[in-house]
Amino acid sequence: MELLKHRFRAAFFFVAVFFIIFSARLFYLQIYKGEEYRIFSEKNVLRMLELPAPRGRIFDRNGEKILYNKPSFNLKVFPKEITNSESLAEKLAEILDIPEKELREKLRKIASLESFHPITIAKDISREELFLIEKNVQALESIFIELGHKRFYPHGEAAAVLLGYTGLADTKEVNTLHKINPRDEVGKMGVEKVFDSELRGTNGLNYIAVNAHGKTISAALANIMLTLRNKEVISGKDIHLTIDAQLQTTADDALGEEKGTIVVMDVKNGEILAMASRPSYNSEHIWKKLSPEQENKKREKYFSFFNRSIQGTYPPGSVLKIVTAFALLEEKTADPKSSVYCPGYYFINKKRFNCWRKEGHGFVNLHKAVVESCDVYFYERSLKLGVDKLHSYLKKFGLGEKTGIVLPEKKGINPSTAWKRKYLKEPWYKGETIIMAIGQGYVTATPLQINLMTAVVANGGTICRPKIRKTDKTTLSAITGTVKSFDQKSLDFLKKALYDAVNSERGTGIYARSKIVSVSGKTGTAQVVSAKFESTKKRFQDHAWFTAYAPSDSPEISVTVLVENGGSGGVVAAPMAKKVIETYFTLKKQREETQIAESE
């Protein structure tokens with residue numbers, strides 16, 4: 001009996017110990033480690049899908065869409081669920097227009113991540129590819145289709161450089177921008193980058209339930225289990241620009257195959273109406289992203305992100321004579337009635353400086369010097385003016401300074417004796433003063449700066465801050481900007497000279513003359529290499545400039561054209577400006593007539 005009791009107590013002890021250990025283990029697994037194992041379990045049953053937010057649309061000043069979204073089917077894969085990357089690559093190569101070798105390398109890297117977050121394999125696949133993937137979905141483990149959004153440029157390359165493009169966020173952007181991850185699309189350039197925080201929107205989250213093979217079994221089950229975790233998509237905000245889409249297209253067409261830029265601005269409030277830059281790029285190549293091999297071969301052909309309007313700095317050539325003439329008047333260095341004889345050249349210390357007209361202009365006063373762009377007149381008078389005085393007037397017109405536009409811009413060079421001493425450690429020479437007076441030498445400017453300089457003359461002395469976003473209901477008659485002390489008598493003198501430069505018989509800008517509207521302007525031909533260097537190659541030709549405003553008697557717009565290595569500003573750039581100016585006033589008339597008809 002005692003033996004039986006002893007055995008019973010021993011058995012009870014072992015059972016009690018077992019239950020204590022079992023209970024402790026159960027407590028450890030369900031209470032202490034419960035949340036951890038619950039998450040692990042969910043990860044083996046649920047997959048989180050990020051729903052990309054559509055970026056905000058971009059409209060022009062008239063409400064026309066110039067950048068918006070179109071549906072895009074993107075092929076993605078769950079890295080953790082890839083069991084055989086070689087086999088998957090082989091199957092996908094039969095469907096996608098991607099080499100099997102490239103797919104194999106890509107999938108091998110993705111599989112090594114062992115992540116539950118999906119990775120994009122191919123963006124914007126075709127309808128045919130989509131059909132084949134859905135048809136073979138059972139054989140394509142870990143693959144799924146995401147409905148995304150691709151940016152669409154209805155006007156093609158015309159405004160691509162200005163609008164910019166988007167791409168996946170890099171490490172720097174993830175660290176500096178607000179609430180983004182490496183899988184997010186962010187603005188990389190232009191308007192897309194400047195207003196990215198507004199355009200971007202907020203991605204949504206959704207969960208799907210999958211089986212052991214990674215196949216979706218019930219999206220509803222996932223939603224029931226984690227309803228509170230799903231997050232709605234918030235679309236990005238729309239923005240309206242000051243750009244006129246039709247005028248932008250005209251400016252782009254006017255440039256054609258030339259490298260260059262055309263800037264159009266409302267002289268009364270600084271609103272940019274057009275900012276075309278050539279060459280541009282095809283947005284389709286950005287979206288699909290070229291392979292490394294294709295990129296090396298085709299980058300030069302397909303991609304040009306350089307906005308020549310604000311990032312290109314060039315010797316302004318004779319368009320700078322507008323400021324030089326104003327400085328001569330203000331400093332009383334040139335009497336408008338007195339003349340200088342131009343034989344076609346000028347000597348300083350036995351060094352010859354030529355006028356653009358080899359046979360010379362004869363006797364020239366300041367008015368004629370502007371109209372016919374006589375270099376010798378400005379050579380002779382600028383010596384009395386001096387470089388530092390000229391420097392101060394260039395600064396007054398905004399040259400050598402950033403304009404204040406929200407896009408990234410360069411400020412060019414407005415040289416002086418102090419500037420040369422600081423940067424080149426050399427003294428200033430007289431010969432450098434006279435070539436600076438005609439827009440050569442060290443002085444450089446962006447086309448936007450030249451346009452702003454032109455607008456100052458047109459609007460009577462107001463320096464407007466250029467704007468590309470339409471943020472209010474400002475009327476065309478409202479002047480906004482900084483009013484500086486520009487002598488009206490000197491400005492009136494310039495206006496008469498600029499009018500005659502286009503409309504007189506010997507004016508250099510006669511090819512900008514219009515039957516639709518009166519045009520005032522100034523040509524410029526800026527040397528790229530020494531005049532002694534002769535070559536027929538395009539890259540060694542002069543830069544062609546023309547800057548103008550219209551109408552002459554009541555200015556509304558300023559137009560600046562730069563054609564890199566285009567040759568003569570009067571022959572090449574002036575006709576382009578004429579085309580843009582005439583389009584502006586034709587469109588204006590048509591729109592006014594439409595408004596009248598609709599109101600009746």
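What you are looking at is a predicted structure, and each value in this text was computed from that prediction instead of being measured.
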Examine distances only and state if a side-chain atom of [X] and a backbone atom of [Y] form a donor-acceptor pair shorter than 3.5 Å.
{"X": "Gln449", "Y": "Glu401", "answer": "yes"}
{"X": "Asn69", "Y": "His149", "answer": "no"}
{"X": "Asp196", "Y": "Val186", "answer": "no"}
{"X": "Tyr68", "Y": "Phe59", "answer": "no"}
{"X": "Asp60", "Y": "Asp244", "answer": "no"}
{"X": "Ser338", "Y": "Asp335", "answer": "yes"}
{"X": "Asp252", "Y": "Ala159", "answer": "no"}
{"X": "Glu330", "Y": "Ser490", "answer": "no"}
{"X": "Ser504", "Y": "Ala501", "answer": "no"}
{"X": "Ser277", "Y": "Arg308", "answer": "yes"}

Determine whether the side chains of [X] and [Y] contain a donor N or O and an acceptor N or O closer than 3.5 Å.
{"X": "Thr454", "Y": "Ser558", "answer": "no"}
{"X": "Thr417", "Y": "Asp388", "answer": "yes"}
{"X": "Ser373", "Y": "Lys522", "answer": "yes"}
{"X": "Thr446", "Y": "Glu409", "answer": "no"}

Handout entry: Test log, rule side chain to side chain contact (heavy atoms under 4.5 Å, CB included), inputs Asp492 and Lys495
Key = CA-CA 5 Å; Asp492 289 342; Lys495 286 181 179 180; 4.3 Å; yes
Practice task
Mind checking side chain to side chain contact (heavy atoms under 4.5 Å, CB included) for Ala369 and listing every partner two or more places apart, or none if nothing turns up?
Solution key: Val364, Cys374, Tyr377, Phe378
Problem - For Ser552, all residues meeting side chain to side chain contact (heavy atoms under 4.5 Å, CB included), sequence neighbours excluded - result: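 Per chain and number, Ser552 pairs via side chain to side chain contact (heavy atoms under 4.5 Å, CB included) with Tyr499, Ser518, Ser520.
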Heavy-atom closest contact ([X] atom, [Y] atom, distance):
{"X": "Pro555", "Y": "Ala458", "result": "CG-O, 3.4 Å"}
{"X": "Ile434", "Y": "Tyr379", "result": "CG2-O, 3.3 Å"}
{"X": "His361", "Y": "Lys368", "result": "O-NZ, 3.3 Å"}
{"X": "Glu64", "Y": "Ala245", "result": "OE1-CB, 3.7 Å"}
{"X": "Lys467", "Y": "Thr242", "result": "O-OG1, 3.1 Å"}

Practice task
Would you please test Arg151 and Glu185 for salt bridge (charged side-chain N to carboxylate O under 4.0 Å, His left out) and show each step?
Solution key: CA-CA 11 Å; Arg151 297 299 255 171; Glu185 294 270 344; over 6 Å; no
Would you indicate whether the side-chain heavy atoms of [Y] and [X] approach each other to under 4.5 Å?
{"X": "Asn414", "Y": "Met436", "result": "yes"}
{"X": "Gln246", "Y": "Arg591", "result": "yes"}
{"X": "Ile262", "Y": "Thr250", "result": "no"}
{"X": "Val559", "Y": "Val519", "result": "no"}
{"X": "Cys464", "Y": "Asn459", "result": "yes"}

Practice task
Pick out which of Glu258, Glu564, Glu157 makes a salt bridge (charged side-chain N to carboxylate O under 4.0 Å, His left out) with Arg278.
Solution key: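 Exactly one option meets the salt bridge (charged side-chain N to carboxylate O under 4.0 Å, His left out) with Arg278, and it is Glu157.
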Practice task
Salt-bridge test for Lys496 and Asp500: reply yes if a basic N is under 4.0 Å from a carboxylate O, no otherwise.
Solution key: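 Judged by the 4.0 Å cut-off on N to carboxylate O distance, Lys496 and Asp500 do form a salt bridge.
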Exercise for the section: Before accepting this row, confirm whether a basic side-chain N of the pair Lys188/Glu173 lies closer than 4.0 Å to the acidic partner's carboxylate O. Expected result: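 Result for this pair is yes, salt bridge flagged.
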Practice task
Carefully, step by step, assess Leu399 and Met453 under the rule side chain to side chain contact (heavy atoms under 4.5 Å, CB included).
Solution key: CA-CA 8 Å; Leu399 297 171; Met453 173 196 80; 4.2 Å; yes
Handout entry: Lys402 NZ: over 12 foreign heavy atoms closer than 6.0 Å
Key =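 At most 12 heavy atoms, drawn from other residues, nucleotides or ligands, come within 6.0 Å of this atom.
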Practice task
Could you check whether the rings of Trp419 and Tyr442 sit parallel, tilted or perpendicular, using 30° and 60° as the cut-offs?
Solution key: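 Judged by the thresholds at 30° and 60°, the geometry between Trp419 and Tyr442 is tilted.
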Exercise for the section: For the pair Asn565 and Lys259, evaluate side chain to side chain contact (heavy atoms under 4.5 Å, CB included) and give the outcome as yes or no after the intermediate values. Expected result: CA-CA 8 Å; Asn565 311 115; Lys259 284 186 177 181; 5.9 Å; no
Problem - Near-ring test Tyr511/Phe546, centroid separation under 6.0 angstrom - result: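 Between Tyr511 and Phe546, which both carry aromatic rings, the centre distance is not below 6.0 Å.
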